[in-house]
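Read through the structure below, which is laid out as C-alpha cells, and then see the notes.
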Amino acid sequence: MKLLVTGGAGFIGSAVVRLAVGRGHSVVNLDALTYAACLDNVASVADSPLYAFEHADIRDRAVLDRIFAAHQPDAVMHLAAESHVDRSIDGPGDFISTNVTGTYELLEAARAYWDAQGRPDSFRFHHISTDEVFGSLGATGQFTEETPYDPRSPYSASKAASDHLVQAWHHTYGLPVVLTNCSNNYGPFHFPEKLIPVIILNALAGKPLPIYGDGSNVRDWLYVEDHADALLLVLTRGAVGRSYNIGGENERSNLELVRTLCAILDDKRPKPQGSYADQITFVTDRPGHDARYAIDPARIRSELGWRPSVTVEEGLARTVDWYLANENWWRPLQARHGVGQRLGVRA
C-alpha cells in the first residue's frame, strides 16, 4: 500500500512513517517543516526505497494536486496540524488556517484525485484527531465516539471543525473516510515544549518543573508507538465513515505523572543531593484548562481487537531512556521559537 502521510516529520506522524515503512508500505511524507517538525525524526527510514519526502503545505492546493498525481497514493493519513494548546491561546489564527483551511484543501485535493481514479472503493482518507474535541470530564465517565463535541480551546475547536469537514465530505461526496480521536501521546521524538519532555529536560538542567494549577488535571496517556500501530490498523480494517477512539487506558493526574518521571530520573541519573521532585513548582493555570480526559476504547477493542501494549510506567521509563541517550536530537530544538517560554497565559 502507498500512503500519503501529512505531518510525517512531526511527533506522531513520524512514528507512523517509521512503522509503516518498517511493515513494507510505501510512504510519501508531506510536511511543511514548521517549527515543531524535524526530519531527524525519520532519519532511520530516509534512505529506504519505500520512503519519499515532499516539502509542501497542505494549504497549497496546486501543490497538493501535483503530489497526488505524481505519487498516486492508495490512502491518505492526515496528521498535519498545529497542536499546542498554549500556542493556540496566543495565536489562534495559525490553528484555523492549518487545521481548518488546510484540512479543507486536502479533502478537496483527495476528492479530485479519487474521482479521477474512478472512485475506487479501496481508497481511504484517514483523519487523525484528538480527544480534546469532546471537552472536559468530571471525576467519572469516559469519552465515547458518541460523546457530543464541546471544544474549549482554539486548538480543540479547530480540530473539531476539521473532524466535521471530514464527515461532511464523506456524507456529501461519498469520500471513503475513517476518523480517530486519541488521548495524550508521549514517547521518543516528542517536541520539547510538551509536558513530559519539558519535565525531563528541565529536571536534567536543574530548572523548576512547572505544573499548572494544583496538578489535579487528569489525562489518559498513550505511548506514541502504540498509537501508530492503532492508526495503521484503523486505516486497513476500520469501517468506512466510522470513528474510533484510541486511548492508552493509563489515566494519571499531571502531578502523579511528574512525580513518576522524577522517580525514574532519580533511579537512572541521580542528583548529587535530594530528588528531582524537589524542583516541582506550581504555576498559574492555563486559561480554560480542561479538568479531565478519559477515553473508552471499547469500539476499537471489540471491532478491531486492538488495545495498548505499553503501561504508562513502562512507557515513561522508555521515554526517559531515549531523552538521556539523544541529547543531540533535543538540544538544537530548544533554540526554536517559543520553546522554554511560558505561552498561553492570556485570560
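Just so it is clear, the structure is predicted and the values come from calculations on it, not from any experiment.
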Look at atom [atom1] of [X] and say whether more than 12 heavy atoms of other residues, nucleotides or ligands are closer to it than 6.0 Å.
X	atom1	value
Asp278	CG	yes
Asn328	CG	yes
Arg299	CZ	yes

If you define the side chain from C-beta out and look only at heavy atoms, does anything of [X] sit under 4.5 Å from [Y]?
X	Y	result
Asp60	Glu105	no
Tyr276	Leu261	no
Phe95	Arg87	yes
Val5	Leu30	no
Leu232	Leu3	yes
Tyr173	His170	no
Ser48	Val21	yes
Arg242	Glu303	yes

Please check: side-chain N/O of [X] versus main-chain N/O of [Y], any donor-acceptor pairing under 3.5 Å?
X	Y	value
Tyr113	Pro73	yes
Asn184	Trp221	no
Trp329	Asp40	no
Tyr323	Trp330	no

Just do the side-chain hydrogen bond (donor to acceptor under 3.5 Å, both in side chains) check on Thr180 and His126 with the steps written out, would you? CA-CA 8 Å; Thr180 50; His126 183 181; 3.0 Å; yes

Can you tell me how far [atom2] of [Y] sits from [atom1] of [X], rounded to the nearest 0.5 angstrom?
X	Y	atom1	atom2	result
Ser153	Glu132	OG	CD	5.5 Å
Arg301	Asp296	CZ	CG	7.0 Å
Cys182	Ile12	SG	CD1	4.5 Å
Ile199	Ile264	CD1	CD1	12.5 Å
Ile58	Thr101	CD1	OG1	9.5 Å
Leu64	Thr6	CG	OG1	9.5 Å

Ignoring hydrogens and geometry beyond distance, is a side-chain donor-acceptor pair present between [X] and [Y] at under 3.5 Å?
X	Y	answer
Ser183	Asp131	no
Tyr212	Asp86	yes
Asn99	Asp94	no
Ser14	Arg18	yes
Asp163	His127	yes

Centre-to-centre under 6.0 Å for [X] and [Y], is that the case here?
X	Y	answer
Phe11	Phe191	no
Trp322	Phe189	yes
Tyr149	His164	yes

_Worked check of side-chain hydrogen bond (donor to acceptor under 3.5 Å, both in side chains) between Tyr293 and Glu251_ = CA-CA 8 Å; Tyr293 304 145; Glu251 285 187 57; over 6 Å; no

Test side-chain hydrogen bond (donor to acceptor under 3.5 Å, both in side chains) on Glu193 and Tyr35 and set out the steps.
CA-CA 11 Å; Glu193 68 180 358; Tyr35 80 95; 2.7 Å; yes

Enumerate the salt bridge (charged side-chain N to carboxylate O under 4.0 Å, His left out) contacts for residues 62-77, please, sequence neighbours excluded, ordered by first and then second residue.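 Passing the test, one end in residues 62-77: Glu54-Arg66, Arg61-Asp65.
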
For side-chain contact (heavy atoms from CB on, under 4.5 Å), just list the numbers for Val133 and Phe143, CA-CA rounded to whole Å, side-chain angles, deciding distance to a tenth of an Å, and then say yes or no. CA-CA 10 Å; Val133 300; Phe143 298 134; over 6 Å; no

Taking only Lys NZ, Arg NE, NH1 and NH2, and the carboxylate oxygens of Asp or Glu, determine whether [X] and [Y] approach each other closer than 4.0 Å.
X	Y	result
Arg23	Asp229	yes
Glu313	Arg252	yes
Asp266	Lys271	no
Asp290	Arg292	no
Arg307	Glu249	yes
Arg111	Glu108	yes

Next on the checklist: Just to verify, what does Asp115 make a salt bridge (charged side-chain N to carboxylate O under 4.0 Å, His left out) with, not counting sequence neighbours?
Outcome noted: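 Once residues adjacent in sequence are excluded, the partners of Asp115 under the salt bridge (charged side-chain N to carboxylate O under 4.0 Å, His left out) criterion are Arg119.
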
Run the numbers on His78 and Thr103 for side-chain hydrogen bond (donor to acceptor under 3.5 Å, both in side chains), then give the verdict. CA-CA 8 Å; His78 178 33; Thr103 298; 3.0 Å; yes

